[in-house]
Amino acid sequence: PEARNKGMKLAQGKYIAFLDSDDLFLAARLERGVDVLERMPPIALVHGEVEVIDHEGKLMPSETAYNRMLYRKERTEGSGYLRILKGNAMFPSAILFRRECVDRIGWFNPTFRPREDYDWYLRLALKERVHLLEGPPIARYRLHGKNQSLGYDAPATARVYIAILSQQLSLLSEKLSGEPHRHARSSVLAKMAEYYWTSRSKREVRRSLLEAIRLNPAVALDLSSIKRLLFSL
């Protein structure tokens, strides 16, 4: 996060894009994003599909297929805050955003390493519009044994997600009210229950899910949530 923050502080252009050291841009990646941002001023950030490759640059079919499934859902359900909560498919090397967003959203928070990008996406989507580019993939994400995120075990990563989502509960109260606030808060709590389950905090699983269902009874129709609730008893 420190390198990205420094880059954003030094950036002088109208738009900002990242390219992590082990990832690859594909043809017309920047042109396609700039075209949308120029034509659609209300959109603050665009992102595109990625392919997952191994350390040798070979396509990883199952990992790529999983991301494609998330992109299909995003095209059906729409981009934005709730989609990021349900299943985030944004990668730093596949986003392009307006420089002015930094003034409104702020920097990447190193406290949330290795998921500081997820925190930033949520903070942005709570205030700004996000758009998924049409067409073929725009970048390749390299998955290998040296990825920083792989240095954390599942419970440790879950605790980072819980901290991010706990912060979101406060931010939601500042930004939303009424039914939109209840719906978004319920979605955050349901997602927190997923990570509480991974971190083996059964009491918090129950607390989060019961509150999520109280705010939005439709959560009770989600089979995974109900299974976690029953097995947490």
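Only a predicted model underlies this, so the values are computations on that prediction, with no experimental measurement involved.
A pairwise comparison of heavy atoms in E116 and F108 identifies O-CD2, 3.6 Å as the closest pair. Listed here is the closest heavy atom pair of R29 and F18: NH2-O, 4.0 Å.
Between the side chains of T64 and E51, no donor-acceptor pair of N or O atoms lies under 3.5 Å. Counted by atom type alone, H144 and D54 present zero donor-acceptor pairs between their side chains at under 3.5 Å. Checked by atom type, the side-chain pair E74/H131 shows no donor-acceptor distance below 3.5 Å.
Atoms CG and CZ, from L37 and R32 in turn, are 13.0 Å apart once rounded to the nearest 0.5 Å. Between M192 atom CE and I164 atom CD1 the span is 11.0 Å, to the nearest 0.5 Å. Taking OG of S186 as the reference point, atom NE2 of H181 lies at 11.0 Å (rounded to 0.5 Å). Atoms OH and CG, on Y141 and N67 in that order, are 9.5 Å from each other to the nearest 0.5 Å.
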Do E134 and R75 pass the salt bridge (charged side-chain N to carboxylate O under 4.0 Å, His left out) test, and can you show the C-alpha distance, the side-chain angles, and the key distance before you say yes or no? CA-CA 9 Å; E134 298 292 340; R75 296 190 195 285; 3.3 Å; yes
Under the criterion side chain to side chain donor-acceptor pair (under 3.5 Å), I'd like the reasoning laid out for E128 against Y81: C-alpha separation, chi angles, the key distance, then a yes or no. CA-CA 9 Å; E128 311 283 353; Y81 189 81; over 6 Å; no
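A donor-acceptor contact shorter than 3.5 Å links the side chain of Y71 to the backbone of A89. The closest donor-acceptor contact from the side chain of T198 to the backbone of E194 lies under 3.5 Å. In this structure, S177 contributes its side chain and S173 its backbone to no donor-acceptor pair below 3.5 Å. Remark: the backbone N or O of A156 is paired with a side-chain donor or acceptor of D153 at under 3.5 angstrom. Counting only distance, with no hydrogens or angles, the side chain of R123 and the backbone of I105 share a donor-acceptor pair below 3.5 Å. Q12 contributes a side-chain N or O that, together with a main-chain N or O of L10, makes up a donor-acceptor pair within less than 3.5 Å.
Between N109 and R113, every side-chain heavy-atom pair lies at or beyond the 4.5 Å cut-off. Between N216 and R182 there is no side-chain heavy-atom pair separated by less than 4.5 Å. Side-chain contact between L210 and L229 is present, with heavy atoms from C-beta onward closer than 4.5 Å. Inter-residue side-chain proximity for P180 and H183 is flagged as unmet; no heavy-atom pair is nearer than 4.5 Å.
Checked against the 6.0 Å centroid criterion, the rings of Y161 and Y118 qualify as a close aromatic pair.
Cation-pi check for K227 over W197 is not met; the charged atom does not lie both under 6.0 angstrom from the ring centroid and within 45 degrees of its normal.
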